[in-house]
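Here the structure is laid out as structure tokens; the discussion comes afterwards.
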Amino acid sequence: MIQLTNITKSFGKNDVLKGINLTVQKGEVVCILGPSGSGKTTLLRCLNYLEKPSLGEVTIGDFTVNCKRPSKGEIHALRQKTAMVFQHYNLFKHKTVLENVMEGLVIVQKQSKVTARETSVKVLEKVGLGSKLDAYPSQLSGGQQQRVGIARALALNPEVILFDEPTSALDPELVGEVLDVIQKIAKEGITMIIVTHEMGFAREVANHVVFMDEGVIVEEGKPRDIFSNAKEERTKQFLKRIT
Ligand code: ADP
């Protein structure tokens, strides 16, 4: 359903992604693990062209964009198929919780305000924020703000939700509520790709685990293949350090 073919990205002389090939099936929850600086975030950002790959192809469903000559229309169409949950939430500070979720539906998807409001309330209830519709981000905890970020992504009804270290900016006591929400929506069969350092979460929620180091996929497989039976020395060392 999603296919990355030979995704390569360099920043100047820094070769950050060295020909990544990855297939993600519809409904899969993929966790991308790996040391800091291994290219995980860059890979996620290449998937929706927040970063333009230096080489390679991104396919979502029957739609393929080749980095050689993507038109603005193609990039726009690709982005419409994805939604991203950012490490630092990226909410509009001067908009309420409800307005934050409605924004993309009204501005990008051109839905009527009535329809957008209905969808937004529904997803905010799903993430446990039905009583915070009129609050501003500054009135919320980090965990609640991130749940707004997740609601915003869900509301767009994308083909895949991309999570870029969604809990790494949170105080430890707030991590659980965000992971619980992600786990809940994972059960609904939404395709998700999650960059995370939360190993326990990855083990429990992922169908497919990808271990990256130095711009390549070192190893991938089912959680038990990676967490209990890693074959590659680099994977074993990483897991030993982090768990
Ligand atoms: P990870 O998510 O695994 O920590 P990143 O994808 O954030 O890794 O970063 C991989 C490498 O790419 C790092 O060396 C980082 O400094 C570099 N990098 C990421 N984004 C940029 C950018 N916009 N400009 C220059 N270098 C970047």
Side-chain angles (χ1 to χ4, degrees), residues 2-24 28-58 60 65 67-68 70 72 75 78-79 82-90 142 145-146 149-150 153 160-172 175 178-179 182 191-203 205-206 208-221 223 226-227 230 232-243:
I2 296 173
Q3 186 117 36
L4 303 180
T5 309
N6 194 28
I7 296 292
T8 304
K9 177 71 181 174
S10 303
F11 293 107
K13 288 196 174 132
N14 189 2
D15 299 328
V16 173
L17 299 175
K18 302 171 184 164
I20 300 278
N21 295 301
L22 179 67
T23 303
V24 177
E28 252 186 344
V29 178
V30 179
C31 283
I32 305 182
L33 318 177
S36 188
S38 55
K40 306 181 297 293
T41 293
T42 304
L43 180 64
L44 213 57
R45 291 171 65 85
C46 281
L47 209 153
N48 64 358
Y49 270 68
L50 281 180
E51 294 289 354
K52 184 182 171 300
S54 316
L55 258 184
E57 248 174 39
V58 177
I60 301 183
V65 179
C67 74
K68 285 248 171 60
K72 276 197 178 139
I75 292 174
L78 187 74
R79 292 215 179 120
T82 71
M84 191 133 178
V85 175
F86 297 92
Q87 191 174 354
H88 295 288
Y89 334 129
N90 294 18
Q145 290 184 56
Q146 189 57 298
I150 295 169
V160 58
I161 303 183
L162 310 173
F163 293 81
D164 185 11
E165 301 195 23
T167 59
S168 60
L170 296 174
D171 291 336
V175 168
V178 171
L179 296 181
I182 300 175
T191 312
M192 309 204 287
I193 305 180
I194 307 171
V195 172
T196 184
H197 293 288
E198 298 289 338
M199 296 301 138
F201 169 78
R203 188 189 267 259
V205 175
H208 183 159
V209 175
V210 173
F211 173 66
M212 282 182 69
D213 193 16
E214 297 184 349
V216 300
I217 293 178
V218 174
E219 193 164 358
E220 59 179 307
I226 303 297
F227 289 110
E232 300 292 332
E233 198 51 37
R234 274 197 277 180
T235 317
K236 288 184 200 166
Q237 288 303 327
F238 172 77
L239 291 172
K240 207 190 286 178
R241 270 203 315 276
I242 204 157
T243 46

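Both counts, for ligands and for their atoms, begin at 1 and track the order of listing. We number each residue from 1, following the sequence as shown.
- Side-chain contact between Ile150 and Phe163 is present, with at least one heavy-atom pair separated by less than 4.5 Å.
- Under the 4.5 Å side-chain criterion, counting only non-hydrogen atoms from C-beta, Ile193 is in contact with Leu47.
- Val218 pairs in a side-chain contact (heavy atoms from CB on, under 4.5 Å) with only one of the listed residues (Val210, Thr235, Leu33), which is Thr235.
- In this view, Thr41 and Asp164 satisfy the side chain to side chain donor-acceptor pair (under 3.5 Å) rule, not counting sequence neighbours.
- In this view, Gln3 and Thr23 satisfy the side chain to side chain donor-acceptor pair (under 3.5 Å) rule, not counting sequence neighbours.
- Partners of Phe211 by ring-ring contact (aromatic ring centres under 6.0 Å, His included), not counting sequence neighbours, listed by chain and number: Phe238.
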Which pairs of nitrogen or oxygen atoms, taken one from ligand 1 and one from the protein, are under 3.5 angstrom apart?
from: ligand 1; atom 1: 2 (O); to: Thr41; atom 2: N; distance (Å): 2.9
from: ligand 1; atom 1: 2 (O); to: Thr41; atom 2: OG1; distance (Å): 2.9
from: ligand 1; atom 1: 3 (O); to: Gly37; atom 2: N; distance (Å): 3.4
from: ligand 1; atom 1: 3 (O); to: Ser38; atom 2: N; distance (Å): 3.0
from: ligand 1; atom 1: 3 (O); to: Ser38; atom 2: OG; distance (Å): 3.3
from: ligand 1; atom 1: 3 (O); to: Gly39; atom 2: N; distance (Å): 3.0
from: ligand 1; atom 1: 3 (O); to: Lys40; atom 2: N; distance (Å): 3.0
from: ligand 1; atom 1: 3 (O); to: Lys40; atom 2: NZ; distance (Å): 2.8
from: ligand 1; atom 1: 4 (O); to: Gly37; atom 2: N; distance (Å): 2.7
from: ligand 1; atom 1: 6 (O); to: Thr42; atom 2: N; distance (Å): 2.9
from: ligand 1; atom 1: 6 (O); to: Thr42; atom 2: OG1; distance (Å): 2.5
from: ligand 1; atom 1: 8 (O); to: Gly39; atom 2: N; distance (Å): 3.2
from: ligand 1; atom 1: 14 (O); to: Asn14; atom 2: ND2; distance (Å): 3.3

